[in-house]
Amino acid sequence: MAKNFRGRSLLTLLDLKAEDVRYLLDLAHMLKAERLAGQFQQRFRGRTLAMLFEKRSTRTRCAFETAFGEEGGCPVFLSSSDIQLGAKESIEDTARVLGRMFDCIMFRGFEQATVDKLAEYSGVPVFNGLTDLYHPTQVLADLMTIEESLGDVAGLDFVYAGDGRNNMANSLMIGSALMGMNCTVLAPEELHPEGKLVETVRGLAERSGAEIRITSDLETAVEGANVIYTDVWASMGEEEQMKERIALLEPYRVDAEMLEQTGNPDVLFMHCLPAVKGNEVTFDVIEGPSSVVWDEAENRKHTIKALMVASLL
Ligand code: CP
Ligand code: NVA
């Protein structure tokens with residue numbers, strides 16, 4: 001079924017080519033239509049998914065668990081307080097044991113090296129459900145949501161405002177560059193993305209025709225934008241930095257004035273959620289007519305199902 005996707009992991013979007021993303025998005029649109037038509041298959045019957053969590057989750061956990069379970073598979077939730085991962089047993093040994101018992105593994109946690117090691121040692125497909133560095137499955141849902149609202153993402157102007165060096169900013173830059181969507185990261189200089197990643201992303205963008213812009217200029221950054229995206233100002237594990245982040249990021253809050261500055265009455269507002277209303281986005285924007293955050297949350301499930309169908313079948 002999948003175009004060379006069988007058996008593959010998703011650790012970062014840097015693992016994918018534009019044609020892989022296109023394939024996964026087409027599959028996700030198809031699976032969503034199928035589900036809305038009330039057609040259920042049993043694609044994962046007899047299969048098992050280990051779900052490893054070092055950090056909390058609502059959407060990612062529920063998306064993986066329901067997508068796998070409703071297709072007849074058996075998802076097993078394992079938090080780091082339940083299992084030995086990195087505590088009394090090395091990641092390598094845990095990975096080899098899980099690889100003998102499960103058909104695939106998803107991981108949410110701190111270090112990217114952990115999810116990379118799980119893939120290296122388990123011998124089964126591993127899906128990154130968020131690390132400090134990347135959140136690739138979220139961006140699949142984001143691209144799907146933009147396509148539903150605006151059609152082809154190539155050539156659109158996408159602006160990410162806020163903490164420009166977190167997992168969302170990193171993955172959104174890569175996804176945009178792959179798919180030919182212009183991406184502006186609007187952030188204070190202290191929170192600009194890492195130079196090496198920007199260089200890599202610009203290399204990808206050369207092939208797709210996307211423009212990748214990193215700026216702190218609040219006056220011009222959002223002009224003509226089709227999408228404005230933001231995320232929390234302190235990610236999981238950084239909570240103690242919240243005070244200093246508020247001081248740095250207050251001017252970058254997405255509010256009605258910022259949407260107006262785009263000059264585009266049809267601009268979309270997006271957020272991966274959970275949101276801190278009043279910090280990175282005002283209540284009226286996230287609850288207003290530009291916001292597509294609930295579609296975006298729902299699409300986590302369809303895109304994650306597509307990823308597992310493509311990798312396992
Ligand atoms: N967007 C997202 O990953 O949400 P959760 O943290 O609830 O999984
Ligand atoms: N940047 C956020 C994303 C949550 C989905 C975090 O890592 O907490």
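In each ligand, atom 1 is the first atom listed, and ligand 1 is the first ligand listed.
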So if I count the atoms of ligand 2 from 1 in the order they appear, which ones are less than 4.0 Å from some heavy atom of [X]?
| X | result |
| --- | --- |
| Leu130 | 3 (C), 4 (C), 5 (C), 7 (O) |
| Asn166 | 1 (N) |
| Leu273 | 5 (C) |

Between atom NE2 of His135 and atom CG of Asp231, what is the distance when rounded to the nearest 0.5 Å? 8.5 Å

Rounded to the nearest 0.5 Å, the CG atom of Leu197 sits from the CZ atom of Arg165 at a distance of 12.0 Å

Pairwise, report which nitrogen or oxygen atoms of ligand 1 are under 3.5 angstrom from protein nitrogen or oxygen atoms, and how far apart they are.
| unit_1 | atom_1 | unit_2 | atom_2 | d |
| --- | --- | --- | --- | --- |
| ligand 1 | 1 (N) | Gln138 | OE1 | 2.9 |
| ligand 1 | 1 (N) | Cys272 | O | 2.9 |
| ligand 1 | 1 (N) | Leu273 | O | 2.9 |
| ligand 1 | 1 (N) | Arg300 | NH1 | 3.3 |
| ligand 1 | 3 (O) | Thr60 | OG1 | 2.9 |
| ligand 1 | 3 (O) | Arg108 | NH2 | 2.9 |
| ligand 1 | 3 (O) | His135 | NE2 | 2.8 |
| ligand 1 | 3 (O) | Arg300 | NH1 | 3.1 |
| ligand 1 | 4 (O) | Arg59 | NE | 2.8 |
| ligand 1 | 4 (O) | Leu273 | O | 3.4 |
| ligand 1 | 6 (O) | Arg108 | NH1 | 2.8 |
| ligand 1 | 7 (O) | Thr58 | N | 2.7 |
| ligand 1 | 7 (O) | Arg59 | N | 2.8 |
| ligand 1 | 7 (O) | Arg59 | NE | 3.1 |
| ligand 1 | 7 (O) | Arg59 | NH2 | 3.0 |
| ligand 1 | 8 (O) | Ser57 | OG | 2.6 |
| ligand 1 | 8 (O) | Arg59 | N | 3.4 |
| ligand 1 | 8 (O) | Thr60 | N | 2.8 |
| ligand 1 | 8 (O) | Thr60 | OG1 | 2.7 |
| ligand 1 | 8 (O) | Arg108 | NH1 | 3.4 |
| ligand 1 | 8 (O) | Arg108 | NH2 | 3.1 |

Could you tell me which residues satisfy salt bridge (charged side-chain N to carboxylate O under 4.0 Å, His left out) with Glu287, sequence neighbours excluded, listed by chain and number?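 If we apply the salt bridge (charged side-chain N to carboxylate O under 4.0 Å, His left out) test to Glu287, skipping adjacent residues, the hits are Lys277.
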
Nearest neighbour in protein (non-hydrogen) for [atom]:
| atom | answer |
| --- | --- |
| atom 3 (C) of ligand 2 | Asp231 OD2, 3.6 Å |
| atom 7 (O) of ligand 2 | Asn167 ND2, 2.8 Å |
| atom 8 (O) of ligand 2 | Met236 N, 2.8 Å |

Got a sec, which residues hit side-chain hydrogen bond (donor to acceptor under 3.5 Å, both in side chains) with Glu280, two or more places apart in sequence or on another chain?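 Testing Glu280 for side-chain hydrogen bond (donor to acceptor under 3.5 Å, both in side chains), a comparison that skips the adjacent residues, returns His271.
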
Tell me whether Asp103 contacts the main-chain N or O of Thr48 through its side chain, where contact means a donor paired with an acceptor under 3.5 Å.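 Side chain of Asp103 to backbone of Thr48: a pair is present.
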
Under 3.5 Å donor-acceptor, Ser208 side chain and Ala177 backbone: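 Yes; judged by distance alone, with no hydrogens or angles, the pair exists.
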
For the residue pair Arg47 and Phe68, would you count it as a cation-pi contact if the rule is NZ or CZ under 6.0 angstrom from the ring centre and within 45 degrees of the ring axis?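 Arg47 over Phe68 ring: no.
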
Aromatic Phe5 / basic Arg8 pairing, under 6.0 angstrom, 45° off normal: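 Arg8 over Phe5 ring: yes.
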
With sequence neighbours left out, which residue pairs that include part of residues 293-310 fulfil the side-chain hydrogen bond (donor to acceptor under 3.5 Å, both in side chains) condition? Lys32-Asn299, Thr60-Arg300, Thr66-Lys301, Glu70-Lys301, Glu70-Lys305, Glu71-Lys305, Thr137-Arg300, Gln138-Arg300, Thr145-Asn299, Glu148-Asn299, Tyr229-Glu296, Glu298-His302

Would Ser235 count as being in polar contact with ligand 2, using the rule that some N or O on each side must be under 3.5 angstrom apart? yes

